[in-house]
Each structure stands twice: as structure tokens, then as C-alpha cells.
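What follows is one structure encoded as C-alpha cells, with my remarks underneath.
Naming: A, B, ... by sequence-line order, numbering from 1 per chain. In this text, all values refer to a predicted model and were calculated from it rather than measured experimentally. Reckoned from all heavy atoms, side chains included, excluding hydrogens, waters and symmetry mates.
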Protein chains: 2
Amino acid sequence: MSGSMSRKVVRLRDVADAAGTSTKTASRVVNGDSRVSPDTRRRVEQAVESLGYQVDVTARSLRRGVDDTIGIVVPTIGDPFFAKAIEEIEKRSLDLGVKLLVASNSYSAETEREIVEGLIGRRVAGLIITPEFADYSFLQRIPTPTVFIDRHPRGLDSGVVRVDDQGAARAAVLHLAEHGHRRVAIVTDDLTIRTSKLRHLGYHDALRDRGLPIEERLEAHGCRDAHDAFSATEALISGPHAPTAIFSSRSETSLGVVRQLHASGRTDIALISFGDFVTADVITPAVTAIDHDPAMLASAAMDRLTERMAGVPDDGSDTIVPLRLIERGSGELTPAHLEASA
Amino acid sequence: MSGSMSRKVVRLRDVADAAGTSTKTASRVVNGDSRVSPDTRRRVEQAVESLGYQVDVTARSLRRGVDDTIGIVVPTIGDPFFAKAIEEIEKRSLDLGVKLLVASNSYSAETEREIVEGLIGRRVAGLIITPEFADYSFLQRIPTPTVFIDRHPRGLDSGVVRVDDQGAARAAVLHLAEHGHRRVAIVTDDLTIRTSKLRHLGYHDALRDRGLPIEERLEAHGCRDAHDAFSATEALISGPHAPTAIFSSRSETSLGVVRQLHASGRTDIALISFGDFVTADVITPAVTAIDHDPAMLASAAMDRLTERMAGVPDDGSDTIVPLRLIERGSGELTPAHLEASA
DNA sequence: TGCAACGGGGTAATCGTTGTCACGGGACAT
DNA sequence: ATGTCCCGTGACAACGATTACCCCGTTGCA
């Protein structure tokens, strides 16, 4: 019944009225502009406090032309790797006083483009994108600072923040070779996926370096999940020329490989997993893994993005995030024939 | 050098000009209003296409008073449980044509409140919050539709979407009792955490139901991570009155328990983990777990949120998301003395 | 025939904030 | 003493889309 039905929202105008200043001055106080006298500042601050004023960000963003957000687009948010990356980026965003818009692009090329365009339509201050299906040439004309991670975008000549897939895969296989293995198999995803291809190339690099044979029957491609890898591994190890070591190119496939090795009692076969997973150290033997730290990738991406936002143009070069090999046992097994002769 | 330095952005006005209509009509087309003649519609659509027009969402949001976004606030984005939940919510958001703002609140009560207020200042259409430290009484006055998940917010009388922690913990311990165990230990986090407390209560419920002893030396509290749990388990199983079964109240602690059991060769001790983890089925024996499906929780939260957004008020009741017990072996081990007598 | 209802369209105000420009007055240098 | 410059401040317009309101013909119906 009170006469003053409180207005829906408190506007800067209301604050200014209460403090006896213009909205402009109130705005100055709210935005930390130094050119305000201490007395005025205090009055405004007090008004803000008592009225519970909060900036309407939609209005601010319209006026400024940019929104205090950055968008991140990943294939799957639930993937622990990307989840950790998002976490790191959110942390950094907090420091920048910016909010984080997350979106997934693992639907189709069309929705992927729509999603990115939608983000741009929101006038995001920056974009971090894991390119998937879409052609990104449309970004050419758009001024939004953008950083790509993990893979190169199709249709756009841009630097990328990524891990050294090829180099690390090579290092892993060399590690196996160093322990005496001459028949090293690979279990991997579809080779049309850039990441998979690079790791596959690294695998070949290592074999070539060591003069080891490259054999098709040692390669299992197209393993999209643990289940595929489970079957593929069975086929690999059941033949007469079974490998003494396996290089699994994704943590997902590693789970399948491990299950198969355990199921068939062949835990004597060496294994290195590209991509770590929890409990890799609980299994016997514990699984040696190459770990790419998502936080590091994310951090590097944010560094790059803040650079772009500051106006530094993309020079087309890639930022390579290092990887590390975690020796746990499975990657240090020696082949049976060597053990016998020892 | 070209004479026409293209204008920064294409506005609705430009589309209208190109199509020879007013902005109002162009707006109608863009927003799918039916009261436009087919011919006009086509002209506008063509203009949109050729100019590459995109709605400026910041302007639209200002005018409408709400932004087409929903905010989700969780303790840790990187936690697989919340990551999966976010993933599900993002999927649902896509259907609603809404973007998702994610934020973490695991910093402090103050930043938690600032984060939520910041979201509200953005005029989000809805909020999904996992309350942590902050007092949420300030939300009382705010019209933004809000749904809380996992825990009850402090300072606000509101329904919640949550799992039945206490009931499920009770079920797990009863499951162990059913297999003959009379000395069941618990490894858990700090009991000041609501979730931990509820699970602890469920543990006691079960013991009481079965007339089993409640002993302090069977309870390891304050295990914040796998490492703590590792040490705590060592203490638990080394005494003279060691338990024959362990109930671990978080997947994180379960990792520590498993490591300790393996390290000390006591894989004969039964174990049920509250919270599943990958490779729980690779370990020997595979770990029986109670799984709370994050997607289900998220989905229920979205159902509730869309209801709120449609104007249905909170009736204060909780939505309970069911859990399921996944029998894998470790929870079905029988105590040594029973085996001996068998 | 008269008139209301409706389809199709336009004009201008509005959302809340902030950049631009202007102004009076003191400090300081010429 | 006069100009220059900076400070604190305010009036005002603009950001781009939406929407309240108005207008003009057609129809349909009494």
C-alpha cells in the first residue's frame, strides 16, 4: 500500500539524483575515473550503496560497442581436458573483470558457424575457439580478437595455440624403442582429424628414425571411443606378428587398450598413452602417459588473446605448448625376448 | 584507398534502407513476425543476406530488459561432475536459443556474491547456482529466475535440485552389510560441507538400521583429496580392529583409498565409492560405485528454470534426482572370516 | 451502406550508459 | 596582465533494436 511502488531497477539517473550530481559524474565515480572531487565521489558512492545500484551491463555494452565477455568454443565441454581449460580461462577472465560465455561446437558445421556468429553478435571482447567442422573464412572481415586452439581453422590463415602433437608422439615411440621394442603398434582415431594425423605422423617419424618397420597390420585407425579401441587391440595382439608395445593416441582409446590387455592377460605388452587419465597409476602396471596440461594451453591462449585485444596483430605463428612424459611403468616394459635373454 | 570505407557494423537501419522498408518492418522479419507480406519479407531477407546483417544483441537486450543468456555458477568448472552438468545445460540452452555464461564461485563469499550480482547486472534470463559460501538473502528482492542445485542456499528459503545424498549413502552401506560386513569404515571429507554431512548421516542410518556399531576409529574425516584419503586409509586398516569394508564418500577420496589398498596388498577389503570415476572398472577388483548422473541433475535444473522463467513461482520443494548403484565387484566382496567358514 | 476488424506498414520515443564538447575557475608561465 | 592548461562538472546526443502508437486501405458482416 505504500505510495512509492519501487521502480523496477535503479538507474544511474537515480543515483545521480540522490547524490545531487549529473549522471555523467555518477558514471565517472562508478567507472573509477579520477577526475572527481573527493567530496562528490563520496556522495555518489553513498547513493550507490544505499540504493543498491548496479550497472546495467547491457546498456553499457551497447554504448561501448563491446561487451565485457569472452567466448570460448570447444568440441565438448564435458571432456576433462576442455573442462580444465575452461576452468583456467574462467580464472583468468575473473582477473580481467570479464565474464565467460561457453559454447560447444560439436554439432555440425552449420551450427558451429551460427554459434560463433551469435557470439560475435553479442559483441564479445574476444574469442577462443577450437575449430571443428566449420569454414572460418567469414572471420576474415570481422574485427573481434580471436585465438584458435588445438587445431588450425579451415579457410583462415591464422596462428594457433597448440601442443606439439607430432613431436610428442615421436618422443613417446622413441621412448618405447629405447626400451628395446621393434614392433610398436598404434591405436588411434580417424586420421582425418588433424590431431590424430599429427600424432600418427610422429609415430612414423620415430619408426623411421630408428629404422623400424612401418606395417599396416600394426596400425589400428578409426577408433572413436574406448569400445572401438578394445576391439582393435584384440585384433592387434592376437595375430602371429603381435606388437610388443602399443602407442595409444588418445586417453579415450587408452582406456580401451588397457581393458583389452587386462582382459586377455597381456599386461606384458608395453603401453604409452597420449593423454593422461585418472587412476592411470592405480592399474598394474601403471600406465606411462604423455600429458598435455590443459591449464597451460588455456593460459597460453589467454596470453595470446589479451595481446590481440591490445591490438597486436596475429603474425601467423603458432604457440607450441610443451608436453611431458610421465614414466609409470607400462612404457618402460622390455620385450619378452629381451627379458628371456637377460 | 577505396572510397567507401565500409561502416563498422551493419545495422537494421541499413537492411531496411536496402530493402526499401522501415526498420520496424525489417525488425518484424528478423524476429519472425507473421504480419509481413511475402514480398516484403523476401526483400528484407535478401538484404540481410547480402549485407551480412547480424542482430546486435547488446542493443536488443537493453531494449528488452533481459539478455538471452543464462548464468551457471559452480564451485569448480574442471570437476568432471560439474563439467558434465555444464555440458548438459549448454545443450539445453542451445535449444532455447540462449547462450551460457559460466562462472566459478569457489573463491570466497565476497567474490561469490560479486559474481552473482555481476550476472544479474547483465540481465541474464535465468540463473543456476551451486551455492557455496555466500549468503543469498540479497536475491530476495531480485526478480531474476533462479534455481539452486546440489545444496540449499544460505539466507534464502528456496527449493533445490539435488541428489539424495543421505539415502544413497545409506543404501551403499546397507549393500555392504548385506554382504556380511559388520565393520564398515567411512572415508570422507570435512563434515562441515553439507554434502559430506548428509552422506555421513546416511552411513550412520545404515549402521543403526542393522544394529552395527558406530565407532570413531572407523571414521576418517577431513580427507580433502586423494592424498589425505591415502594416509587415512592406511591408519584405518593397520589397526587391530580393521574394517572389512570401506565406504568412500567422494570419488576423489576413493582414488586415495584404492591406491592405499593396492599399495598395502589389501584388495580383499570391500569398497563402495560415492561417485564414479573412469577406470573404476579396470582396477582389480573393479570398484563398485554409486553414480549420480550430472546430466540428470542438470536436466532437472533446466526443467525447473524454464518453469521459473515461465512465471511459475518456487513452491519451496526440492527436486530429488535418483542415484544408482553400479555393482562391479569391490562392493560385493565378503569378509574374510565368512569366506573361511564357508 | 456503414463500420469494425485486420493486414501491412511507418514514426518516433525509449532502454541506461557513456563519449563529446563546453564551461567556469584556479594555477602557472610568459 | 593575459593567455594556456587542467580540473571538476554538466548538457546532450548517440549506441542499435524494439515497441507504443498511428495510419491507410480492404474485407467481412450486420
List, with names and distances, any nitrogen or oxygen atoms from the protein found under 3.5 Å away from nitrogen or oxygen atoms belonging to nucleotides 5-9 of chain D.
unit_1, atom_1, unit_2, atom_2, d
D/dT9, OP1, A/S37, OG, 2.9
D/dT9, OP1, A/T40, OG1, 2.3
D/dT9, OP2, A/S37, N, 2.7
D/dT9, OP2, A/T40, OG1, 3.4
D/dT9, O4, A/R28, NH2, 3.3

Please report, to 0.1 Å, the donor-acceptor pairs under 3.5 Å made by any side chain of residues 110-120 of chain B, with sequence neighbours excluded.
unit_1, atom_1, unit_2, atom_2, d
B/T111, OG1, B/S108, N, 3.1
B/T111, OG1, B/S108, O, 3.1
B/T111, OG1, B/S108, OG, 3.3
B/E112, OE1, B/F133, N, 2.6
B/E112, OE1, B/A134, N, 3.0
B/E112, OE2, B/E132, N, 2.9
B/E112, OE2, B/Y136, OH, 2.6
B/R113, NE, B/E117, OE2, 3.0
B/R113, NH2, B/E117, OE2, 3.1

Length of the CG-P vector between B/N31 and C/dG8, whole Å: 17 Å

Would you work out how much the helix from C/dT1-D/dA30 to C/dT30-D/dA1 bends between its ends, with each end axis defined by five base pairs, to 10 degrees? 40°

Where at least one partner belongs to residues 60-91 of chain B, residue pairs that pass ring pair (Phe, Tyr, Trp, His ring centres under 6.0 Å), sequence neighbours excluded: B/F81-B/H292

By side-chain hydrogen bond (donor to acceptor under 3.5 Å, both in side chains) - contacts of B/R28 (at least two apart): none

Round to a whole Å and report the spacing from CZ of A/R123 to P of D/dC15. 13 Å

Rounded to the Å, how far apart are B/K24 NZ and D/dA17 C1'? 10 Å

In chain order, what residues pass the side-chain hydrogen bond (donor to acceptor under 3.5 Å, both in side chains) check against A/T21, with sequence neighbours excluded? none

Can you confirm whether A/L100 sits close enough to A/I89 that some side-chain heavy atom of one is under 4.5 Å from a side-chain heavy atom of the other? yes

Sorted by number, the residues of residues 46-71 of chain B with heavy-atom contact under 4.0 Å to DNA chain C: B/L62, B/R63

Taken in chain and number order and not counting sequence neighbours, the residues that satisfy side chain to side chain contact (heavy atoms under 4.5 Å, CB included) with A/V57 are A/S61, A/D67, B/R122

For A/E88, enumerate each residue passing the side-chain hydrogen bond (donor to acceptor under 3.5 Å, both in side chains) test, keeping only those at least two apart in sequence or located in another chain. none

Qualifying side-chain hydrogen bond (donor to acceptor under 3.5 Å, both in side chains) pairs with a residue from residues 139-149 of chain B, counting only residues at least two apart or across chains: none

Which side-chain N or O atoms in residues 306-313 of chain B pair as donor and acceptor under 3.5 Å with protein atoms at least two apart or in another chain?
unit_1, atom_1, unit_2, atom_2, d
B/T306, OG1, B/M302, O, 3.0
B/T306, OG1, B/D303, O, 2.8
B/R308, NH1, B/V312, O, 3.2

Could you state the CZ-C1' distance from A/R13 to C/dT18, rounded to the nearest angstrom? 15 Å

Listed partners of B/D39 passing side-chain hydrogen bond (donor to acceptor under 3.5 Å, both in side chains), at least two apart: B/R42, B/R43

Whole-Å distance between D/dG16 P and B/D17 CG? 14 Å

Any side-chain N or O of A/S27 less than 4.0 Å from the OP1 or OP2 oxygen of C/dT18? yes

For A/L12 and C/dC15, give me the distance from atom CG to atom P, rounded to whole Å. 14 Å

Please determine if B/K99 and B/D68 form a salt bridge, counting it only when a charged side-chain N lies under 4.0 Å from a carboxylate O. no

